[in-house]
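Numbers here simply count residues along the sequence, with the first being 1. Whatever order the structure lists them in is the order used to number ligands and atoms, beginning at 1.
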Amino acid sequence: PIKSYCALDGFYEMYDTIGSGGFAKVKLGVHCLTGEKVAIKIMDKKQLGDDLPRIRLEIEAMKSLSHQNVCKLFQVIETDAKIFMVLEYCPDGELFDYIVERDRLTEDEARHFFRQIVAAVAYIHHKGFAHRDLKPENLLLDDDQQLKLIDFGLCAKPKGGMNSHLETCCGSPAYAAPELISGKCYLGSEADIWSMGVLLYALLCGYLPFDDDNIAILYRKIQSGVYEKPEWLSESSMEMLDQLLQVDPKRRITVAQLLHHPWVLKDCNPSYNVQWESIYQTKELDDECVTEMAVSVGKSRKAMHSILSDWSYDYNTATYLLLWKRKQLSKSVRLMRDQQSIPGTPVSG
Ligand SMILES: Cn1cc(Br)cc1C(=O)Nc1[nH]nc2c1CN(C(=O)N[C@H](CN1CCCC1)c1ccccc1)C21CC1
């Protein structure tokens, strides 16, 4: 462990910084009770300034999201000066770097990733959220080529549901939908679909469909909807891109149609519908995990069950979710036992 933060002492061991953005940095951490690696996003409240509400929004959004392709929030720690978000660690970094290293992906590999992006977006839309900043930098790889969507700081949960319009122009210009950059009211879901088109183009081509150093020219290119179609694109890929990159949002494909689009489902066994449903039933707690936690602190299962049912995103929530993640990966559902607390256990070494 390197630098320690007293708020984390004894709960997490801190290691090096793996990412730093404007007002935050992300450090690799280890959750002491399970030994699982986590990514801890550390924000200084003073530096955040009036960005603080964005972080509150990101935290509330991530608390309600539990999906195999959405980066999981395990715990939130707030001190006078800082906010710590304990998040899922993705050891293989950003999809952005994965594409750059390979120039571009084959159609099959692009489809493998695009399917997961469709699943994640369908799920967050179903939960009433639009991400509004979909790009390869916000998609991380875990150690078995599974994508995890991150950075919900710009997401929107429209008051009137997913069919009510938004105004704020935000996100990264090259991925922004025409209606969003022309200052019109827009539907977050439709803007996300456009960004998925830009994302799919980046996967298949290795560069952006609309690009220019001059922002005004970039906007004109986006609003024209005209983009180059390199010769390595198949007919079906071009058709898929056309349906995503429709300038008129009403003519753009919807996420529901994407879920059973032939290009998305190609070479899939028929039963495999894109798993947009979350494989996590966050509601009922896993008995084996609850029991292991109860035993390790000498509480009854009933007492531990009611503590965990509050979902207070404290250390107990993190311990439960990390144990549960281990169980999903058929790893042992065991906690590090504090040697001293069990009488008669010889303290090793
Ligand atoms: C880059 N990298 C290389 C390896 Br190997 C692992 C990683 C890595 O970052 N893994 C990782 N696991 N979990 C996370 C990360 C990074 N990460 C992030 O949240 N990373 C974002 C990256 N954004 C993309 C565009 C702007 C910033 C970030 C946000 C604020 C400050 C710093 C970084 C989380 C916590 C969710």
Write 'none' if nothing qualifies; otherwise put on separate lines each N/O atom of ligand 1 with a protein N/O atom under 3.5 Å away and their distance to 0.1 Å.
residue	atom	partner	partner atom	Å
ligand 1	10 (N)	C90	O	3.1
ligand 1	12 (N)	C90	N	2.9
ligand 1	13 (N)	E88	O	2.8
ligand 1	23 (N)	D151	OD2	2.8

**Message:** Suppose we call two aromatic rings close when their centres sit under 6.0 Å apart. Are F11 and H31 close by that rule?
**Reply:** no
**Message:** In the structure I gave you, are the side-chain heavy atoms of L285 and D287 within less than 4.5 Å of one another anywhere?
**Reply:** no
**Distance flag, aromatic centroids of F74 and W324, threshold under 6.0 Å** = no
**Message:** Could you check whether F84 and Y12 have their ring centres less than 6.0 Å apart?
**Reply:** no
**Message:** Under a 4.0 Å threshold between the charged nitrogen and the carboxylate oxygen, would E179 count as salt-bridged to R252?
**Reply:** yes
**Member of M240, E190, Q246, M196 meeting the side-chain contact (heavy atoms from CB on, under 4.5 Å) criterion with I253** = M240
